[in-house]
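Hydrogens, waters and symmetry mates play no part in the numbers below; they use all other heavy atoms, side chains included. The sequence lines fix the lettering, A, B, ..., with proteins before strands; numbering per chain opens at 1.
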4 protein chains.
Amino acid sequence: MASRQEMRSEETKKAILTAAAELFSQKGFDAVSIREIAKEAGCSHTTLYIYFKDKEALLHELSVGPLQALQKQMENVIADSTLSQDDRLKKVSVLFIEFCLSHRTMYTLFFMVKASRIDVEAEPAEELQILRTKLFDLMKSALLQSLPEEKNEARALAFARIYFYALHGIIGTYTHSEETSEQLMERLAPTFELSVEVVLEGCKQQMEKGAGRK
Amino acid sequence: MASRQEMRSEETKKAILTAAAELFSQKGFDAVSIREIAKEAGCSHTTLYIYFKDKEALLHELSVGPLQALQKQMENVIADSTLSQDDRLKKVSVLFIEFCLSHRTMYTLFFMVKASRIDVEAEPAEELQILRTKLFDLMKSALLQSLPEEKNEARALAFARIYFYALHGIIGTYTHSEETSEQLMERLAPTFELSVEVVLEGCKQQMEKGAGRK
Amino acid sequence: MASRQEMRSEETKKAILTAAAELFSQKGFDAVSIREIAKEAGCSHTTLYIYFKDKEALLHELSVGPLQALQKQMENVIADSTLSQDDRLKKVSVLFIEFCLSHRTMYTLFFMVKASRIDVEAEPAEELQILRTKLFDLMKSALLQSLPEEKNEARALAFARIYFYALHGIIGTYTHSEETSEQLMERLAPTFELSVEVVLEGCKQQMEKGAGRK
Amino acid sequence: MASRQEMRSEETKKAILTAAAELFSQKGFDAVSIREIAKEAGCSHTTLYIYFKDKEALLHELSVGPLQALQKQMENVIADSTLSQDDRLKKVSVLFIEFCLSHRTMYTLFFMVKASRIDVEAEPAEELQILRTKLFDLMKSALLQSLPEEKNEARALAFARIYFYALHGIIGTYTHSEETSEQLMERLAPTFELSVEVVLEGCKQQMEKGAGRK
DNA sequence: TATGAATGAGCTTTCATTCAT
DNA sequence: AATGAATGAAAGCTCATTCAT
């Protein structure tokens, strides 16, 4: 029932979002200019401001929806009792990795949170921050459920960190790759899974040692 | 024997390098302007162009020396027969991490190598690329020496990758931190070591499994 | 009899004029954007261009009506034989001042006539110019009627100028005030009247002196 | 002893100041763009930022020096015991008028002080504000010294206001004129003096009346 | 009549870089 | 060797205005 005009509008918006997503992924948020996005989207740079308040809003719109979808997926996996704890962790991790490689702006969003952002205008980014935290919490609890109970909280934190280092490293390594996320996943998905297994196994091993020492 | 003029010239160059190193570490490569460096170095911004083709050249010159020193250190560790293989790997890894956190531009240099660079003007970057490769090879061989022999080359590569993911993750996580490298190392050195141990232990475990399966 | 469509059209136009008048008074001509007016008027900004060629045209249309009303009022005062000449001048002046403070764009219109305007498109502004001149002439003749006859035309002109300086000064002083015209008039009407009296009395005094000297 | 380079620099700066002064006068501070000034000054718009931090700094530099000179002159006149009180007032007033017509940006500076300025960034403008107040105070006290003592403070204030209306009116009337200040002063100086006399005489007259009434 | 879509020109400001000295 | 002067390109963003519907 959409009029032709509405369709055109929708198309333009989508073109902008697509262009922005592409460019943000390739060059990073800061390195991409509004005019660049507009050119890629085939419209004037002012048109961009019709659809998005500013560059940040564009990033926001680009992120929130997909992130919420990801959150849902991850929650489903974690609630899936047909899977072993370890498989849940593996699946959740791969989901997260794949997501970040498909939406490469996410790398900045997840791993490059600067203090400067928080200072002044937390408002527009806040929703994102909350989502970010939620996802990290999901993964952390999945990890801890896969490990034997660790009483020493500092040590539990250390293991969580090590797990996140691995994720960060995987995503960071391929964020600027020229391969598509599909190509990367096809080529490397086993390595990613192996990576999670390695870290998980290594943690367990260390915990045994630690326990034995005590 | 250097004439007075040559000495003064050398001093200026050193001042520029010092200022640039300081500022790059503090604020990151992109966030520092040429004029800022010049002001800090106590000379005009045009002087900078006498010694360095551009900002990038400055970064390169800034990197080569320290990297060579790092290389030496790493080679020494690897050649140190008083240490176990595992300890050599751990030490080499921590050296590398510490180095990258002290010279934060290194993160970009090591992990953000873009294709675009290579196309056009490979020449100045070449030396760096060689160094980079050397260091990675050093670490890779240290890792493989710590692992039982792996005939399957693809699998060996996978383990190397996983190890590098961890390094990348650690450095990437703290490259933009506001803490100094000293603060970070004091606070997190045990976690970094644990991280290497975890990965190493995990790899070993996986190799056993893999072997058993066969 | 107006059709329903015509009525609606008339309403829209009125809404735009009202909004523009309000905003121009509040923030000044330049500080108000077309979109702002449209939003206030409850229509699209493009609609504005249906009724008015541009922002300037809007200002003109906004001015002519009120100015004609003012002219009527001033003519009535001048023709009012129940008042003394001096009182007519005072009343006419205060009317003018109050009008300008209620319609603050008038300040620009009356006192900021630029040469550039006349060059290009005298047509739409012409009507305003005629009105402007009429009003000034009305006040000038009211002044001269209050003064003893002055044979020296240059001197008569000087007194007229001095009188207009006072008006210009009063209006200019408060055109950008944040007080409403009502507040200003309540607070300062006596000062405005006194101002006219002072100038009038001063002129008379000077004419005596001048006469004596001759 | 200035090198050729220094001279060129000085010339450029002067050209910018001249252009800015001219344009600010013609169109007002806000309506003039940096690029416009640069074009008029015959240099790139970026050159402007070499000499002045921003547009406001340009206005500042344009104003403070001349204003301080004016202040000196006015103080000298007021301290000059060879002149009658009335002559001091007249002279001070004409000085002020002539100054404003020579530096037409001053009109905005003196008479268009907006609330917005004061809010946020009073700092750069502060020095100007202080000077402004000083000059007004100088003129006000000169006026009150010329008038018989007025016990009623409100009435004294009213007279001061009326006097300032006249000044404002005179300056406002010719601020946008195309005549130079020299031309204007030659043509109208007698009228300006007469204007001060008229207001002064008128005030005295009114005070007599007021006194008689009491 | 009325409007959403779209644009070009313009704003202030910063930057890396070059030129003449 | 070293520098101040100067610039073009680019950034994010806003505005009045036009076009197609």
Side-chain angles (χ1 to χ4, degrees), chain A residues 3-13 30-38 42-56 58, chain B residues 3-13 30-38 43-56 58, chain C residues 3-13 30 32-38 43-56 58, chain D residues 3-13 30-38 42-56:
Chain A
S3 74
R4 202 172 316 162
Q5 219 178 81
E6 273 167 342
M7 277 176 58
R8 197 148 84 96
S9 166
E10 204 56 42
E11 258 174 51
T12 305
K13 188 171 181 180
D30 286 332
V32 176
S33 84
I34 289 269
R35 288 181 137 90
E36 217 174 339
I37 299 170
C43 68
S44 155
H45 65 279
T46 49
T47 302
L48 225 142
Y49 286 95
I50 297 170
Y51 295 99
F52 308 96
K53 194 185 145 289
D54 53 21
K55 221 170 123 185
E56 192 112 357
L58 185 49
Chain B
S3 73
R4 200 173 317 163
Q5 221 181 59
E6 274 166 341
M7 279 177 59
R8 199 151 81 92
S9 166
E10 204 53 41
E11 260 175 50
T12 306
K13 189 171 179 181
D30 286 333
V32 177
S33 82
I34 288 266
R35 288 187 131 86
E36 221 173 336
I37 299 170
C43 68
S44 159
H45 59 282
T46 47
T47 303
L48 231 139
Y49 286 93
I50 297 168
Y51 296 101
F52 307 98
K53 191 185 147 290
D54 55 20
K55 226 168 106 185
E56 192 115 352
L58 184 50
Chain C
S3 75
R4 199 173 315 162
Q5 221 182 59
E6 273 167 341
M7 278 177 59
R8 199 150 81 93
S9 164
E10 204 55 41
E11 259 175 51
T12 305
K13 188 170 180 182
D30 286 331
V32 177
S33 83
I34 287 266
R35 288 185 130 88
E36 219 174 339
I37 298 170
C43 69
S44 158
H45 59 282
T46 47
T47 304
L48 230 141
Y49 288 92
I50 297 167
Y51 296 101
F52 308 97
K53 189 185 148 288
D54 53 21
K55 225 168 106 185
E56 192 115 353
L58 183 51
Chain D
S3 73
R4 203 172 314 164
Q5 217 178 85
E6 273 168 339
M7 278 177 59
R8 196 148 85 95
S9 166
E10 204 56 41
E11 258 175 51
T12 306
K13 188 171 181 180
D30 286 331
V32 176
S33 84
I34 288 268
R35 285 183 138 86
E36 219 174 339
I37 299 171
C43 67
S44 157
H45 64 281
T46 48
T47 301
L48 227 141
Y49 286 94
I50 297 172
Y51 296 100
F52 308 97
K53 194 186 144 287
D54 55 20
K55 222 169 117 185
E56 192 112 357

Original post:
In whole Å, what is the span from the CD atom of C:Glu11 to the C1' atom of E:dT1?
Top reply: 13 Å
Subject >> Considering all heavy atoms, the nearest A:Tyr49-A:Asp54 contact >> reply: CE2-CA, 4.2 Å
Original post:
Listed by chain and number, what are the side chain to side chain donor-acceptor pair (under 3.5 Å) partners of A:Arg8, not counting sequence neighbours?
Top reply: none
Original post:
So which one's nearest nucleotide on DNA chain F is more toward 5', B:Ile50 or D:Leu48?
Top reply: B:Ile50
Original post:
CD of C:Glu56 versus P of F:dA16: gap in Å, rounded?
Top reply: 13 Å
**OP:** Using atom CZ of A:Phe52 as one end and atom C1' of F:dG12 as the other, report the distance to the nearest whole Å.
**Re:** 16 Å
Subject >> Base-pairing string, 5' to 3', of DNA chain F - Watson-Crick or wobble, under 3.5 Å, | interstrand >> reply: .||||||||||||||||||||
**OP:** Would you mind classifying the nucleic acid contact of A:Tyr51 as base, sugar-phosphate or nothing, using non-hydrogen atoms under 4.0 angstrom?
**Re:** sugar-phosphate
Subject >> Nearest-nucleotide 5' precedence on DNA chain F, A:Tyr49 against D:Ser44 >> reply: D:Ser44
Original post:
Mind checking what makes side chain to side chain donor-acceptor pair (under 3.5 Å) contact with C:Glu36, not counting sequence neighbours?
Top reply: C:Lys27
List every contact pair, protein side and nucleotides 9-11 of chain F side both N or O, where the distance is under 3.5 Å.
{"unit_1": "F:dA9", "atom_1": "N6", "unit_2": "D:His45", "atom_2": "NE2", "d": "3.4"}
{"unit_1": "F:dA11", "atom_1": "OP1", "unit_2": "A:Ser33", "atom_2": "OG", "d": "2.9"}

Original post:
What distance separates A:Tyr51 OH from A:Glu10 CD, expressed to the nearest 0.5 Å?
Top reply: 8.0 Å
Subject >> Short side-chain N/O contact to F:dT7 OP1/OP2 from D:Thr47, under 4.0 Å >> reply: yes
**OP:** For B:Lys55, check side chain to side chain donor-acceptor pair (under 3.5 Å) against everything at least two apart and list the hits.
**Re:** none
Original post:
A:Lys13 has an atom NZ; how far is it from atom P of E:dA5, in whole Å?
Top reply: 10 Å
**OP:** Quick one: list whatever passes side-chain contact (heavy atoms from CB on, under 4.5 Å) with D:Ser44, sequence neighbours left out.
**Re:** D:Thr46, D:Thr47
Original post:
Rounded to whole angstroms, how far apart are CD on A:Glu10 and C1' on E:dA6?
Top reply: 16 Å
Subject >> Which residues share a side-chain contact (heavy atoms from CB on, under 4.5 Å) with C:Phe52, sequence neighbours left out >> reply: C:Lys13, C:Ile16, C:Leu17, C:Leu48, C:Ala57, C:Leu58, C:Glu61
Original post:
Under the side chain to side chain donor-acceptor pair (under 3.5 Å) test, which residues partner C:Ser33, sequence neighbours left out?
Top reply: none
